[in-house]
Amino acid sequence: MRQIIFHEETKTFHLYNGKISYILCVLENGHLGQLYFGKRLHDKADFSYLVEKCERPMTSYIYEWDRTFSLEHIRQEYPVYGTTDYRHPAIELLQENGSRISEFQYDSYEIIDGKPKLSGLPATYTESKGEAQTLRIFLKDALTGAKLALLYTIFDEYSAIARSAYIENAGEKNLHVLNMMSLSLDLPDKDYEWMQLSGAWSRERYIKNRTLEQGITAIDSMRGNSSHEHNPFLALKRHNTDENAGEAIGVSLVYSGNFRMQAEVDTHDVTRITAGINPEGFDWKLEPGESFQTPEAILVYSENGLNGMSQTFQKLYAKRLARGYWRDKARPILNNNWEATYFDFTEDRLVAIAGKAKECGVELFVLDDGWFGARRNDRAGLGDWVANEELLPNGIKGLSERIEALGLKFGLWFEPEMVNKDSDLYRAHPDWILQTPGRNTSHGRYQYVLDFSRKEVVDHIYGMMAKLLSESKISYIKWDMNRSITECYSSKLPSDRQGEVFHRYILGVYDLYERLINEFPEVLFESCSSGGGRFDPGMLYYAPQGWTSDDSDAIERLKIQYGTSMCYPLSSMGSHVSVVPNHQVFRNTPLHTRANVAYFGTFGYELDLNKLTEEEIKEVKEQITFMKEYREVLQFGTFYRLKSPFEGNETVWMVTNEDRTLAIVGYYRVLNGVNQPYSCVRLQGLNPDMIYENVWNHTENYGDELMNYGLITSDVTAGEVPGNVTPCTDFESRIYMLKGKKVQEVR
């Protein structure tokens, strides 16, 4: 049940469903005011008492006769700077006379069933008009003729609102959009902790918390990709909020390029949240008749703690952002050759690795970097998407056919946005890279960024990829992007449009994805950017899974996957068992622990199975059998975080199926202990009236016992280890299977 109601007399909009309300109004000066976002409220015609006004010293006022109406002290919906509001704005337009003052006043509105597409941009969607309603509020700046539309979609089943903005230059003079946020939200207090997901290569999306105070708290990217450093996500949680109880607000930007997410707390403790394209260096020229659409931002409210917030994002993104053939399908178990061979392979060696993988039950073999052009190291070949016949005498077509003859599907790695100078592509088109005239052109990993703001560049790369996909038996593409953008300048755009290049670049990436998935709808795409450098909702719209991090060590992945789950579904997390010693941290982790972490994701192997012992191969076969039996719930079930790796030596998480008859609990302990206390963990999401059999020790407990007392996780570290028992070690882990039984079955 959802409604969007407009109360004509008070000019108040109320968006609500069974869980949340969002209320805004038209202020007396024609601007939009923000009244409420949170738990569902009863509707009524007049919420005007929520617009609080008073006289304050050193304040500027709109009306000469009124010393109470100042935008500096009124919560607004889409604010501008300079007309009595001194805080950071949601929009800034540069006009031909040099002015940056705008005055967007209410003009009209419309309410439509369903959700319109955003042209050229990823966004959430509906499959039927009854799933959601969308409100468009139209505003106009009378002086410039600029028309602004604010879009709000409220979903029936989710505590979420999708927001974006659209502007059209309906005037007679050029405008320059210098700043245009996807979302602005003024909250009436600052009593929140700010949460962000930050890190670096191989330690992406670590949870970082701080208390909001007066001033600005922000994260951003100016790298051309959403980045390893800061994910386009933030959460505000009350100080008493934990994983399972309390209020939380989440904001996620469906975008893969430069972004900024910010909380500005003024000195009267009002908090303004903004999220959108990073305005630093951004300048979008609008000639008369031209328009611009912002990316979409998703706003989520939870009264059930951080797990409640995360589950809303996870379910919405898994079912109404990811799309296509693979959206609802269990993902194939794969074996990637990268950490097995790097550049050192031949066709026969690849087939031998694939053959062993097939014997173990693997379903998909993936050939990573090094198969094309002169690519014998990372200094050459990028851009030449033609097989190296010295390595692959039968080409990709022949190799793919040999792999399929084994009974496996075949996957292939690309890095389509990049080029090496030592390549036929660069020699033919040296002007196709992003480079600033007269300046040094910096490299990253000896490679350069193709100018995807140019259609002819995207067309060329599309042609090469489509040819391979058409001629060969390719079921999976790993799409990599191994450097950020420097010297961002396009030789094809005039000087007054260079501020558009970053955004036009990512639109080119989206366009290439869109064309490929439309032509090859059954190919499974996995996004990658040196691991997690572009793990964002924008990519999820095109590729239903991403390589979560280049760090494949199971212990490091506890923090990475725990943080990632704040916003993203398990079905989106590429998670593999890799070789030991691990190639990133050189740690030796037990094979069972590597699998126990990787189960909670797409699952696969990043090694040469021929190099394992017979005992290890037996264990791998058991792991694959287990994953095949339970991957539906592991990838699409309801996920709960129970113990955080950021707070102690143990990590615990769990997933349940839809009817709560099955729960799978992952327990992980980093360092071993001696003579330890007894331990247990309270579970979540079970049926309190159902009896669950613990397959680990064949005990039976009601769901309410497991949620209120807890699942006992004590092991032989509690006390003296008996001589006939296998002792625990560092990097210990266990999977607890809890299978529900109806009470009458037990009796």
Side-chain angles (χ1 to χ4, degrees), residues 6 8 10-13 24-35 48 51-53 56 58-110 135-152 163-186 264 266 270 272-274 276-277 279 282-294:
F6 180 60
E8 184 70 41
T10 58
K11 288 187 166 52
T12 300
F13 295 92
L24 62 153
C25 70
V26 181
L27 299 170
E28 56 199 86
N29 69 333
H31 292 202
L32 294 181
Q34 215 304 310
L35 301 183
S48 59
V51 182
E52 297 184 84
K53 298 182 288 186
R56 293 187 186 275
M58 286 303 297
T59 296
S60 304
Y61 300 97
I62 296 289
Y63 301 112
E64 189 171 346
W65 62 88
D66 184 347
R67 291 194 59 188
T68 64
F69 191 83
S70 173
L71 296 176
E72 182 178 5
H73 302 297
I74 291 177
R75 299 197 306 277
Q76 296 166 73
E77 191 63 19
Y78 206 73
V80 298
Y81 168 80
T83 60
T84 74
D85 190 349
Y86 300 97
R87 295 168 291 177
H88 283 237
I91 187 169
E92 185 175 11
L93 300 181
L94 176 64
Q95 295 140 56
E96 284 195 347
N97 65 359
S99 170
R100 302 183 183 209
I101 300 297
S102 300
E103 186 81 5
F104 285 102
Q105 295 178 308
Y106 172 75
D107 184 57
S108 62
Y109 77 95
E110 67 175 359
L135 169 67
R136 280 196 182 104
I137 301 180
F138 301 101
L139 305 103
K140 186 174 181 179
D141 180 34
L143 183 63
T144 63
K147 294 181 178 180
L148 180 65
L150 303 182
L151 280 74
Y152 305 78
R163 292 187 54 182
S164 66
Y166 171 89
I167 191 168
E168 178 188 352
N169 183 0
E172 298 178 353
K173 296 181 179 179
N174 293 336
L175 297 172
H176 285 261
V177 182
L178 304 181
N179 174 28
M180 191 170 175
M181 292 288 103
S182 300
L183 168 151
S184 182
L185 176 67
D186 284 357
E264 179 180 9
D266 70 14
V270 171
R272 173 169 292 172
I273 300 296
T274 52
I277 293 174
F282 178 79
D283 181 346
W284 194 275
K285 183 179 179 180
L286 286 181
E287 295 182 358
E290 291 185 336
S291 60
F292 181 79
Q293 170 69 55
T294 72

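In what follows, every heavy atom counts, from backbone to side chain, and hydrogens, waters and symmetry copies are set aside.
- No donor-acceptor pair under 3.5 Å is formed between the side chain of Asp107 and the backbone N or O of Phe138.
- Annotation: side chain of Val51 is in contact with side chain of Leu35 (closest heavy-atom distance under 4.5 Å).
- Between the side chains of Gln34 and Tyr78, not a single donor N or O lies within less than 3.5 Å of an accepting N or O.
- Atom CG in Leu24 sits 12.0 Å away from atom CZ in Arg75 (nearest 0.5 Å).
- Between Ser164 and Gln293, the side chains place a donor N or O and an acceptor N or O closer than 3.5 Å (distance only, hydrogens not considered).
- Of the possible polar contacts, none joining the Asp66 side chain to the Tyr61 backbone as a donor-acceptor pair under 3.5 Å is found.
- In this structure, the side chain of Gln95 engages the main chain of Ile101 through a donor-acceptor pair within 3.5 Å.
- Of the possible donor and acceptor atoms, none in the side chain of Glu92 sits under 3.5 Å from a partner among the backbone N and O of Arg100.
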Passes side chain to side chain contact (heavy atoms under 4.5 Å, CB included), Ser48 versus Thr10? Steps please.
CA-CA 8 Å; Ser48 59; Thr10 58; 5.8 Å; no

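- Note: Phe13 and Tyr109 meet the aromatic proximity criterion, with ring centroids under 6.0 Å apart.
- Sequence neighbours left out, not one pair with a member in residues 164-177 passes salt bridge (Lys or Arg N to Asp or Glu O under 4.0 Å).
- A donor-acceptor pair under 3.5 Å is formed between the side chain of Arg163 and the backbone N or O of Ser184.
- Put simply, the side chain of Leu286 reaches to within 4.5 Å of the side chain of Ile167, judged on heavy atoms.
- The side-chain hydrogen bond (donor to acceptor under 3.5 Å, both in side chains) test applied to Glu103 returns His31, not counting sequence neighbours.
- Residues His88 and Thr274 have side chains that never bring a donor and an acceptor to within less than 3.5 angstrom of each other.
- Taking the side chain as every heavy atom from C-beta outward, Pro89 and Ile91 never approach each other to under 4.5 Å.
- Within a 6.0 Å radius of NZ in Lys285, more than 12 heavy atoms belonging to other residues, nucleotides or ligands are found.
- In this structure, the side chain of Gln105 engages the main chain of Asn29 through a donor-acceptor pair within 3.5 Å.
- When atom types are taken as modelled, the side chain of Thr84 and the backbone of Leu71 share a donor-acceptor pair closer than 3.5 angstrom.
- Classified by interplanar angle (parallel below 30°, tilted 30° to 60°, perpendicular above 60°), the ring pair Tyr63/Phe69 is tilted.
- In this pair, Trp284 and Phe292 present their aromatic rings tilted. The plane angle is within the 30 to 60° band.
- Within a 6.0 Å radius of CD in Glu287, more than 12 heavy atoms belonging to other residues, nucleotides or ligands are found.
- Considering only residues two or more places apart in sequence or on other chains, Asp266 meets the salt bridge (charged side-chain N to carboxylate O under 4.0 Å, His left out) condition with Arg87.
- Within the 4.5 Å cutoff, the side chain of Leu178 has no heavy atoms near those of the Phe282 side chain.
- Counting heavy atoms from C-beta outward, Asn169 and Ser291 have side chains that stay 4.5 Å or more apart.
- Looking at every heavy atom in both residues, Thr68 comes nearest to Lys53 through O-CB, 3.6 Å.
- Leu139 CG to Ser102 OG: the interatomic distance, rounded to the nearest 0.5 Å, is 11.5 Å.
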